[in-house]
Amino acid sequence: MPTATTRSMLLVPTLHLALDLGNTTWKLAFATSHVHAPRLRSIPARDLTQLAREIAAAKARFGLPADAPVVSCYEAGRDGFWVHRALLALGVVSHVVDSASIQQNRRKRRAKSDRLDAAALVRLLLRHRAGERGAWSVVHVPSVAEEDRRHLHRELFTLTRQRTRQVNRIKGLLALHGVVLPRLRGLPATPPTLRDWSGAPLPPALTARLAREWTRLRTTQRELRALGAERRQLLARAGAGADPTCGMVAQLLALKGVGEVSAWLYTTEFFGWRAFRNRRQVAGAAGLTPTTQASGDAEREQGISKAGNTIIRALAIELAWSWVRRQPTSALSRWYRARFGAGGPRQRRVGIVAVARKLLIALWRYLETGLVPEGAVLKPLKA
């Protein structure tokens with residue numbers, strides 16, 4: 001439903017603006033109602049001065065006063081949220097839209113262009129401001145500081161995947177010559193002297209490539225250790241109240257079965273900058289809500305919606321397995337064993353998704369109210 005501010009804006013003439021953001025050109029679509037065709041314009045990408053001129057020209061074209069309110073929207077994408085902040089600085093009310101929530105024409109062949117997309121988006125904006133709840137989903141925009149906190153753990157996540165690829169590449173190159181290198185931890189400065197399946201030295205080109213791959217892997221390892229140490233230093237300052245986000249991480253770490261990576265990701269990617277009103281919003285934001293398809297007497301469950309943050313959804317399921325194993329006396333673990341423990345592998349995998357959804361909601365309540373999940377055990381305090 002429209003908010004009080006939105007309802008007051010509906011009573012005065014308002015200019016609606018939709019932006020289709022490209023790398024070199026932005027397409028703008030202006031409208032005041034569904035009656036007339038949108039006014040379409042193109043400007044160079046990221047040219048805020050020209051954007052302000054086009055807004056002023058559109059107000060004059062539609063006969064609006066110079067101080068008429070402007071409401072805009074654009075799809076969340078590569079440009080992130082700086083466009084949203086720039087629009088706010090221009091005095092424009094901005095909505096960042098989840099592109100996956102926009103309805104699409106289901107015809108097999110349909111015309112598509114930046115101009116058509118901008119025109120369709122401004123029509124959806126009109127429907128949204130009229131109070132239609134199903135027009136789309138609006139993205140919650142984090143602050144600059146909240147967005148900046150993500151870089152540390154996202155870089156760690158990227159480097160971890162990079163390390164895995166490098167290790168697999170080295171093992172794959174050695175496997176071509178019948179060599180097995182099972183352990184790559186505690187890397188020496190240079191790769192060990194290896195011989196192929198027949199005891200002969202490895203070919204010179206392969207040896208040179210392995211040396212380069214080894215150097216890159218050592219560099220990745222050093223960066224991972226440095227970033228891990230930086231994260232531990234941030235957590236060490238959590239007790240002093242320097243950062244409320246770190247305090248939230250420390251609160252999650254107090255639960256047995258929740259590790260440093262899980263606590264940090266849950267906080268900075270999910271709980272630390274969102275304000276959930278109920279458990280349905282928590283499960284929906286993680287894409288863990290069921291999607292039932294019912295028509296007449298037929299009813300079929302299609303699984304979870306898989307919307308929202310992919311990293312959080314994967315982490316929620318991984319943490320659910322850890323919770324069942326490390327918190328066996330909790331009410332949630334007992335429920336899982338009673339309902340799915342006697343089933344096969346597929347049934348247990350289905351059940352663990354339900355555990356992930358329930359655990360995510362329980363952790364949200366724990367952070368909001370301090371209520372420990374029923375039957376859960378806290379880690380012993382360090383001396």
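If you're wondering where the values come from, they're calculated on a predicted model, not measured in any experiment.
- For Arg195, the salt bridge (Lys or Arg N to Asp or Glu O under 4.0 Å) test picks out no residue, with sequence neighbours left out.
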task: Evaluate the criterion side-chain contact (heavy atoms from CB on, under 4.5 Å) for residue pair Lys27 and Leu40; output intermediate values, then yes/no.
output: CA-CA 7 Å; Lys27 299 293 184 181; Leu40 300 174; over 6 Å; no

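- By the rule that hydrophobic residues join a cluster once side-chain heavy atoms approach within less than 4.5 Å of another member, Leu363 and Trp264 end up as members of separate clusters.
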- prompt: Hey, mind stepping through Tyr366 and Leu371 against side-chain contact (heavy atoms from CB on, under 4.5 Å) and telling me if it holds?
  reply: CA-CA 5 Å; Tyr366 169 60; Leu371 179 64; 5.9 Å; no

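- Side-chain contact between Val324 and Leu332: absent, with no pair of heavy atoms (C-beta onward) separated by less than 4.5 Å.
- For an aromatic pair to be called close, the ring centres must be under 6.0 Å apart, and Trp136 with His128 satisfies this.
- Atom CZ of Arg127 has more than 12 neighbouring heavy atoms from other residues, nucleotides or ligands inside a 6.0 Å radius.
- Counted within 6.0 Å of CZ on Arg85, heavy atoms from surrounding residues, nucleotides or ligands total more than 12; the atom is thus considered enclosed.
- At distances below 3.5 Å, not a single donor-acceptor pair connects side-chain atoms of Lys256 with backbone N or O atoms of Leu378.
- Put simply, CG on Leu17 and OH on Tyr74 are 12.0 Å apart, with the number rounded to the nearest 0.5 Å.
- The environment of CZ in Arg325 is crowded: more than 12 heavy-atom neighbours from other residues, nucleotides or ligands sit within 6.0 Å.
- Between Trp273 and His140, the distance separating the two ring centers is shorter than 6.0 angstrom.
- Remark: Glu132 CD is packed, more than 12 non-hydrogen atoms of other residues, nucleotides or ligands lying under 6.0 Å away.
- Taken together through direct or relayed side-chain contacts under 4.5 Å among Ile, Leu, Val, Met, Phe, Trp and Tyr, Leu360 and Leu253 form parts of separate hydrophobic clusters.
- Counting only distance, with no hydrogens or angles, the side chain of Thr207 and the backbone of Pro203 share a donor-acceptor pair below 3.5 Å.
- Considering only residues two or more places apart in sequence or on other chains, Glu260 meets the salt bridge (Lys or Arg N to Asp or Glu O under 4.0 Å) condition with Arg231.
- Cluster membership for Val249 and Ile312, using ILVMFWY side-chain heavy atoms within less than 4.5 angstrom, is not shared.
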- prompt: Taking it one step at a time, do Gln166 and Arg169 satisfy side chain to side chain donor-acceptor pair (under 3.5 Å)?
  reply: CA-CA 5 Å; Gln166 289 170 337; Arg169 189 179 301 118; over 6 Å; no

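- Without hydrogens or angle criteria, Ser322 side chain to Glu318 main chain gives no donor-acceptor distance under 3.5 Å.
- Side chain of His16 to main chain of Ala31: a donor-acceptor pair is present (N/O by atom type, distance under 3.5 Å, no hydrogens or angles).
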field: Verdict with supporting geometry, Arg123 and His34, side chain to side chain donor-acceptor pair (under 3.5 Å)
entry: CA-CA 7 Å; Arg123 286 193 288 268; His34 288 285; over 6 Å; no

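- Interatomic distance, Leu15 CG to Arg61 CZ, rounded to the nearest 0.5 Å: 11.5 Å.
- Considering every non-hydrogen atom in both Ile304 and Gly287, the closest pair reads CB-O, 3.5 Å.
- Here the closest non-hydrogen pair linking Ala76 and Val139 is CB-CG2, 4.3 Å.
- For Arg337, the CZ atom counts as densely surrounded, since its 6.0 Å shell holds more than 12 non-hydrogen atoms of other residues, nucleotides or ligands.
- The backbone N or O of Gly303 lies less than 3.5 Å from a partner atom in the side chain of Thr291, making a donor-acceptor pair.
- Ala86 and Leu48 make their closest contact through CB-CD1, 3.8 Å (heavy atoms, listed as atom of the first residue, atom of the second, distance).
- Under the 6.0 Å cut-off for aromatic ring centres, Phe340 and Trp335 qualify, their centroids lying closer than that.
- Remark: the backbone N or O of Gln327 is paired with a side-chain donor or acceptor of Ser333 at under 3.5 angstrom.
- A distance of 8.0 Å separates OG1 of Thr25 from CG of Asp114, quoted to the nearest 0.5 Å.
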- prompt: Do Arg225 and Glu230 pass the salt bridge (charged side-chain N to carboxylate O under 4.0 Å, His left out) test, and can you show the C-alpha distance, the side-chain angles, and the key distance before you say yes or no?
  reply: CA-CA 9 Å; Arg225 286 194 294 268; Glu230 181 181 346; over 6 Å; no

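- For the pair Ile317 and Arg349, the minimum side-chain heavy-atom distance is 4.5 Å or more.
- Across Pro69 and Thr14, no two heavy atoms sit closer than the pair O-CG2, 3.3 Å.
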task: Could you walk me through whether Leu88 and Val93 pass the side-chain contact (heavy atoms from CB on, under 4.5 Å) test, one step at a time?
output: CA-CA 6 Å; Leu88 294 180; Val93 177; 5.8 Å; no

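- Counting only N and O atoms by type, the side chains of Trp26 and Ser42 include no donor and acceptor under 3.5 Å apart.
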- request: Using the side chain to side chain donor-acceptor pair (under 3.5 Å) rule, take Glu223 and Thr220 through it: C-alpha gap first, then chi angles, then the decisive distance, then the call.
  value: CA-CA 5 Å; Glu223 292 176 351; Thr220 303; 5.2 Å; no

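- Residue-environment remark: CZ (Arg346) stays at or below the threshold of 12 foreign heavy atoms within 6.0 Å.
- Both Leu288 and Leu367 sit in one connected hydrophobic cluster of ILVMFWY residues. Membership requires side-chain heavy atoms under 4.5 Å apart, directly or through other members.
- With no hydrogens or angles considered, a side-chain donor-acceptor pair links Thr219 and Arg222 at under 3.5 Å.
- For Arg150, the CZ atom is densely surrounded, since the number of other residues' heavy atoms within 6.0 Å is greater than 12.
- Arg313 contributes a side-chain N or O that, together with a main-chain N or O of Ala307, makes up a donor-acceptor pair within less than 3.5 Å.
- Asp148 contributes atom CG, which lies 9.5 Å from atom OG of Ser143 (distance to the nearest 0.5 angstrom).
- Taken to the nearest 0.5 Å, the CG atom of Asp117 stands 7.0 Å off from the CD atom of Glu75.
- Counting all heavy atoms, side chain and backbone alike, Ala68 lies closest to Pro13 at CB-O, 3.9 Å.
- The backbone N or O of Arg277 lies less than 3.5 Å from a partner atom in the side chain of Gln281, making a donor-acceptor pair.
- Scanning both residues, Phe81 and Glu147, for their nearest heavy atoms gives CD1-OE2, 3.7 Å.
- A donor-acceptor distance shorter than 3.5 angstrom exists from the side chain of Ser101 to the backbone of Asp98, with no hydrogens or angles considered.
- Ring-centre distance between Phe276 and Phe270: below the 6.0 Å cut-off.
- Using a cut-off of 4.0 Å between Lys/Arg side-chain N and Asp/Glu carboxylate O, Glu213 and Arg216 are scored as salt-bridged.
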- prompt: Is there a side-chain contact (heavy atoms from CB on, under 4.5 Å) between Trp214 and Arg218 once you walk through the steps?
  reply: CA-CA 6 Å; Trp214 200 269; Arg218 278 177 51 83; 3.8 Å; yes

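- The number of heavy atoms from other shown groups lying within 6.0 Å of NZ (Lys379) is above 12.
- Val258 and Val377 fall into different hydrophobic clusters, where Ile, Leu, Val, Met, Phe, Trp and Tyr side chains are chained together by heavy-atom contacts under 4.5 Å.
- When side chains are defined from C-beta on, Arg78 counts as touching Asn23, because their heavy atoms get closer than 4.5 Å.
- Judged by distance alone, with hydrogens and angles left aside, the side-chain atoms of Tyr336 form a donor-acceptor pair with the main-chain N or O of Arg348 at under 3.5 Å.
- Here the CD-OG1 distance, from Glu146 to Thr267, works out to 12.0 Å after rounding to the nearest 0.5 Å.
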